[in-house]
Amino acid sequence: METLRIRFDQPTIASGTAPSISKASVLGRDMGIGSVRNVALAFWRSSTADGRASLIDEDLCFSTFAVRTAAWNVRRYLLSHSNYRPGDLVVLRMKNSAEYLAAFYGVLMADGVVVPIAPQIEEDRWRRICQSCRPPVVITRSRDTETMGPSLRFVDLDLMADPLPPDADVDTQRSDHDLAMILFTSGSTGVPKGVMLSHRNLLANSQSILEYLPIVRDDRALAVLPWCHAFGNSILLTHSLVGATMVLAGSVTFPVTIVQALKAHRATSLSAVPELFSMLLRFDSLNDVRLPDLRYMSVAGGALAPELACQLAERIAPARFYVMYGQTEATARLAYLPPEQLHRHPGSIGRAIPGVQLRVVDDANREVPPGQAGRLMARGENVMLGYWKDGIPSAARSQDGWLDTGDLATVDADGYFYLCGRRSLLIKIQGHRVHPLEIEEFVRGHFPGVQAAVIPYESIGSTRLALFIVTGQRQSVDDGEIRRVCRHWLPPYKIPTQIHFLDHWPLNDAGKIDRVALSRWLDSQQRRVS
Amino acid sequence: MNRTEAELLGFLQDRAGLDASFDTGSDLLASGVLDSMLLIELVLYIDRVFGVVFTSDDVAPANFRTIETLAAVVDQRLDSCQRRVA
């Protein structure tokens, strides 16, 4: 495995200075991304721009032409690489950046498969993914310093070293149903799963999103969501494919910096997870702030309390607020609540987006009447090809193409859907899918002989984790040591907020750890505090 | 280390499992200790223990760089309250 470290040596490519090339057609929202054969071609068409900004990273501006040139150089590098063959998996391990954009489209233009990985991934998860994907090349940024595991050699590439040849063209061979990317996420059993998405999946979902969200070429979206996850990836695709601008600024840790970034960059939209919106409201960050350029905000990746959604909608009016729902297995998006329906259908995830069908069924797969809870199923061109190396590639889909979302839901008489639980133990935290087992196994691995259970609870507008510990007779583990180990090895969203020691587990009728009882106990503690 | 710094360090040690080398001058942001979830708890803790309420503008990176900078903000706020009372 080789690590390719990429960088822009001429960082300031002011949007006005890029050479003007032919004003060929740019894919707009009406031009039908859905009809293009693959993502590389769609990008190639959309980026023949007149020097407009593709990405603003604080004070640096990258024109669409610069990104196009950089992607071309990534493509050229891969195609000249002795170990690379079209169809190979190429891992991207980078933060949101111009380099990420260049690598993302460069790999697709070289007929490769993009496997984006969060820079802060745990070491053993990283090793497992590398073993499973065997990428000939891992692409990272020269300025990042994360350790890169079992790399055999490092190669540096200046993304602007070679100018784009005037006759450059993308002669990509990949078609509709070929694999385009793999997104790793937590599976319902706690084992990480690679969701395989085709070019068709990505383009169809982007097209659907463009039909209900007002994304246009002169948009400047504040891009705070990581592109290596499904929600962020959908922002990247929809905006870059219509030639809109994305802005990287502000820190989600400090809500005031997000508001400052919206103002300073005259951003037209903000899409984020519920936790950020509750922070904005809790700290009154949006009070007395004028955001005349803001067109809309959108939330997905977990549930935002209905009263908070309404407050937020009022706070940002006349800009609109979209509540949305989706999952990685459906590329990104499945449902949205039209902003004008927010007050009439509080708590709803909305209805299916264009091109998607949703229904609620019982265990015999029969559609249930309105108001009755059942399994939420989805069908559409955005439903994944299957899981990577899953043996049964279509395990999550029934024969007629319906995806079992794993969520329980009801539908009302007007056709609006409401979530009412999950059938597995999966937890959503800050938009990340986490299975309790991942953390329980981690704790057991570091403290042999210790038993652990991780239970989610709600506090201060976000989902948090409580870790329960039962130690063996001879074991002595202290709270501080567990916290130190978690802090050192786990990404922040996986670190338990509370740690409790028990003498023995409460057991349910099946003789298993009674997670419901633990959860109820946590809720009662929360109520006492507040 | 003054009392405010000691209180804040104690809270963060409890909650974040800081390394022994972590002190009141260590960078809370670069080290990744302070994420959005811990930040909000810290703000509530400061409200509860010191009676100092942080507004949106106060919850800014400059104030949360280190325990020292944060304690200085808290102490300054307490000071100005006392002066007003006096």
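Residue numbering restarts at 1 for every chain, and letters A, B, ... go by the order of the sequence lines.
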(Q) Can you tell me if A:R444 has over 12 outside heavy atoms packed within less than 6.0 Å of its CZ? (A) yes
Q | Crowding at NZ, A:K494 (>12 non-hydrogen neighbours, <6.0 Å) | A | yes
Q) Do you know which two heavy atoms are closest between B:V33 and A:R487, and how far apart they sit? A) O-NH1, 3.3 Å
Q. Which heavy atom of B:S56 sits nearest a heavy atom of A:V256, and at what distance?
A. O-CB, 3.4 Å
Q: Would you check if the side chain of A:R282 reaches a backbone N or O of B:I40 as a donor-acceptor pair within less than 3.5 Å?
A: no
Q: Could you tell me whether the side chain of A:I495 reaches within less than 4.5 Å of the side chain of B:M37, counting heavy atoms only?
A: no
Q) For A:Q430, is it the side chain, the backbone, both, or neither that has a heavy atom closer than 4.5 Å to a heavy atom of chain B? A) side chain
**Q.** Interatomic distance, B:L44 atom CG to A:S459 atom OG [nearest 0.5 angstrom]
**A.** 8.0 Å
**Q.** Toward chain B, the part of A:L286 with a non-hydrogen atom under 4.5 Å
**A.** neither
**Q.** Proximal component of A:S462, with respect to chain B [non-hydrogen, under 4.5 Å]
**A.** side chain
Q) Is it the backbone or the side chain of B:D14 that comes under 4.5 Å from a heavy atom of chain A, or both, or neither? A) backbone
**Q.** Residue pair A:M279, B:V59: steps toward the side-chain contact (heavy atoms from CB on, under 4.5 Å) verdict
**A.** CA-CA 11 Å; A:M279 292 266 283; B:V59 187; over 6 Å; no
Q. Of all heavy-atom pairs between B:D35 and A:T253, which one has the smallest distance, and what is that distance?
A. C-CG2, 3.7 Å
Q.
Is A:D479 in contact with chain B via its backbone, its side chain, both, or neither, using a 4.5 Å heavy-atom distance?
A. side chain
**Q.** For chain B, the option from A:P496, A:P255, A:S285 that forms the most heavy-atom pairs under 4.5 Å
**A.** A:S285
Q: Among B:D58, B:V43, B:L38, single out the residue with the greatest number of heavy-atom pairs under 4.5 Å to chain A.
A: B:V43
Q.
Between B:L29 and chain A, with a heavy-atom cut-off of 4.5 Å, which part of the residue counts as in contact: side chain, backbone, both or neither?
A. side chain
Q.
Taking side chain as everything from C-beta outward and backbone as N, CA, C, O, which of these in A:T463 sits under 4.5 Å from a heavy atom of chain B? Side chain, backbone, both or neither.
A. backbone
**Q.** B:L34 side, atom CG; A:F254 side, atom CZ - distance, nearest 0.5 Å
**A.** 5.5 Å
Q. If you count the non-hydrogen atoms of other residues, nucleotides and ligands that lie under 6.0 Å from CG in A:D478, is the total more than 12?
A. yes
Q: Look at the side chain of A:R483 and the backbone N and O of B:R15, then say whether any donor-acceptor pair between them is shorter than 3.5 Å.
A: yes
